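Chain letters run A, B, ... following the sequence lines, proteins first, then strands; residues in each count from 1. Predicted, not measured: the structure shown is a model, and the values here were computed from it.
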Amino acid sequence: MTLRLYDTATGEVRDFVPLQTGKAGVYVCGLTVQGEPHVGHVRSAVNFDVLRRWLIASGYEVTFIRNITDIDDKILTKSADQGRPWYNLAYDMKRELDRAYDALHVLPPTYEPAATGHVPEMIELISLLIERGHAYAAEDASGDVYFDVRSWPAYGELTHQGIDDMEAATDADPRGKRDPRDFALWKGWKQDSEPVTASWPAPWGRGRPGWHIECSAMAGKYLGDAFDIHGGGVDLRFPHHENEQAQSRAAGSRFASYWMHNAWITTAGEKMSKSLGNTLSIPGVLQRVRGIELRYYMVSAHYRSHVEFSFEALEEAASAFRRIERFLERVETPTPGALPDAFVAALDDDLGTPAAIAAIHDAIRQGNVHLAADESQAAAEVAGSVAAMLSVLGLDPADPHWSQESSGSTERLTTAVDVLVGVLLDQRQTARAAKDFATADQIRDQIAAAGIEIEDTPAGPRWTLDTSTSSVTEGS
RNA sequence: GGUGGGUUGGCCGAGAGGCGAGGCAACGGACUGCAAAUCCGUCUACACGGGUUCAAAUCCCGUACCCACCUCCA
């Protein structure tokens with residue numbers, strides 16, 4: 001069984017053949033840190049995190065690079081509006097992003113290069129492109145440097161477009177471009193509107209790097225002139241990835257062997273208005289469900305499928321996930337288990353996470369049957385297998401990462417609640433033994449009103465927090 | 001205009017010529033003092049119109065509607 005991946009460049013699912021046996025180099029476009037991360041941003045990160053975990057589980061030694069863009073027009077504009085240095089805004093938002101990644105258990109990359117830390121590499125690359133006749137300094141006084149699209153016949157190959165078929169750029173300002181589709185590799189410093197801290201010296205004058213050149217320079221530095229997989233959101237295919245590939249190849253690199261793009265997650269056809277944007281920010285969504293449940297929701301759809309985000313669907317996914325957790329909780333000590341063939345086949349088929357999750361649910365039904373039949377050994381084996389599958393998807397509830405949030409005081413609180421609920425449950429058991437069911441039910445209702453669910457099991461009653469009732473009501 | 005994708009049961013969401021993915025919800029049954037959890041069962045869907053085929057949700061042609069990208073975007 002070999003891993004097969006959908007490659008945007010060829011438009012088909014094909015066998016993954018790494019450049020070096022047993023190794024995989026992956027570059028994923030991270031974010032421009034200019035605002036609070038929302039569910040859409042994180043979907044990309046989660047999808048490529050699953051890719052990474054699966055490569056590792058399949059025996060690959062993975063080098064995983066995900067950049068951050070910490071200088072661009074928006075950052076400069078926003079920070080100016082907010083009256084603070086651009087690097088402070090970028091840094092704050094970067095920390096916000098880290099928190100979001102962490103909340104979703106997205107593993108830290110091998111390295112996370114920032115654009116501002118790689119200006120010399122970019123200047124070197126731009127110089128090379130100029131030397132080779134694929135880039136030129138603007139024919140006006142802007143100080144910009146552009147990539148010459150017409151000098152690279154393969155331009156458009158990634159997205160299967162011909163230059164002449166592209167809509168003429170409506171962007172009003174052709175500046176000193178030879179062709180409207182030429183894109184900026186270097187942006188000259190605008191003395192009157194941009195802080196000097198946002199500029200770097202270069203052979204063609206002070207300025208800052210264009211967006212596309214960043215990724216080419218950083219991917220080249222950390223993964224070499226040829227690497228296996230380049231990923232990002234669908235919207236990045238053009239122009240970002242097309243441009244990246246063109247400039248890297250024009251500079252003599254082979255660049256990525258496979259291009260993977262995740263689909264969008266959107267809301268009911270509406271634009272992300274301010275109010276919607278707020279509720280879809282990661283901290284906002286995490287007031288409704290736990291991070292592990294949000295991750296399950298994202299993983300339960302295929303990464304190339306467009307997802308229409310809704311809290312209803314999210315809650316539904318959370319319910320499904322709780323079924324998984326309940327099974328795991330009922331098994332005392334899982335025996336380390338292997339990944340079922342169906343699960344492996346699912347992920348090998350272009351990361352078929354929905355089928356992989358179906359395999360998990362199949363195992364759980366089987367495990368529940370074992371539990372019902374009091375076959376604890378068999379159940380423990382199933383639980384081990386389930387845990388192994390969940391772990392590959394970053395969804396193992398037993399992973400210490402997920403309990404990180406509960407600090408020592410939370411643990412003590414849990415213990416305290418356990419004792420208190422225990423007292424009530426003892427009273428209820430006494431009432432039940434006396435067949436005083438009215439009292440027994442009254443006690444259960446009181447406990448339920450506090451958000452705690454009671455289950456009577458052969459081993460006695462047990463309580464769990466009722467996570468399905470949202471602790472937070474929607475604001476108006 | 002160009003490029004890419006979509007329309008699946010009450011809902012979410014897979015599949016991509018034949019074998020009822022999976023989940024959520026609902027309903028019936030078992031279990032329970034009653035519940036909950038769990039198990040068993042029920043709900044047999046693929047936008048529309050043609051065509052190919054022994055066989056089509058899946059392939060082909062056409063129609064409708066939707067979305068993304070071609071400008072910053074995960």
TODO: Could you work out the separation of B/rU53 and B/rC11 based on their P atoms and round it to a whole Å?
DONE: 36 Å

Open item on the list: Heavy atoms only, 4.0 Å cut-off, all strands: where does A/D362 land among base, sugar-phosphate and nothing?
Closed with: sugar-phosphate

Task: Output field: ring centroids A/Y146/A/F183 closer than 6.0 Å - done: no

TODO: Using a 4.0 Å heavy-atom cut-off across all strands, classify A/G30 as base, sugar-phosphate, or nothing.
DONE: sugar-phosphate

Open item on the list: Tell me whether A/S305 contacts the main-chain N or O of A/A301 through its side chain, where contact means a donor paired with an acceptor under 3.5 Å.
Closed with: no

Task: Residue pairs, two or more places apart or on separate chains, that pass side-chain hydrogen bond (donor to acceptor under 3.5 Å, both in side chains) and touch residues 351-365 of chain A - done: A/Y296-A/H361

Open item on the list: Would you measure the distance from the P atom in B/rC27 across to the matching atom in B/rA68 and give it in whole Å?
Closed with: 38 Å

- [ ] Could you give the distance separating B/rC60 and B/rG18 at their P atoms, to the nearest angstrom?
- [x] 15 Å

Task: Pairwise P distance for B/rA47 and B/rC39, with rounding to whole Å - done: 32 Å

- [ ] Determine the Euclidean distance between corresponding P atoms of B/rA57 and B/rG33; express it in Å to zero decimal places.
- [x] 49 Å

- [ ] Report the residue from A/L107, A/N47, A/V26 that forms a side chain to side chain contact (heavy atoms under 4.5 Å, CB included) with A/R52.
- [x] A/L107

Task: Inter-nucleotide C1' distance (B/rG9, B/rA21), Å rounded - done: 14 Å

Open item on the list: Using only atom types and a distance under 3.5 Å, with no angle test, would you say the side chain of A/T69 pairs donor to acceptor with the backbone of A/T32?
Closed with: no

- [ ] Tell me the partner of B/rU58, counting only Watson-Crick (N1-N3 plus N6-O4 or O6-N4) or G-U wobble (N1-O2 and O6-N3) with both under 3.5 Å; none if nothing fits.
- [x] none

Open item on the list: What's the gap between B/rC59 and B/rG15 when it is taken at their P atoms, as a whole Å value?
Closed with: 13 Å

Task: Partners passing ring-ring contact (aromatic ring centres under 6.0 Å, His included) against A/W152 (at least two apart in sequence or in another chain) - done: A/H134

Open item on the list: Return a single string for nucleotides 29-34 of chain B, one symbol per nucleotide in 5' to 3' order, where B is base contact, S is sugar-phosphate-only contact and - is none, cutoff 4.0 angstrom on heavy atoms.
Closed with: ----BB

- [ ] Provide the distance between the two C1' atoms, one in B/rA25 and one in B/rG13, to the nearest whole Å.
- [x] 14 Å

Open item on the list: Can you confirm whether or not the ring centre of A/H306 sits under 6.0 Å from the ring centre of A/W264?
Closed with: no

TODO: May I ask you to say what A/H302 touches in the nucleic acid, namely base, sugar-phosphate or nothing, with a heavy-atom cut-off under 4.0 Å?
DONE: sugar-phosphate

Open item on the list: Suppose we define a pair by two distances each less than 3.5 Å, Watson-Crick or G-U wobble; what does B/rA68 pair with here?
Closed with: B/rU3

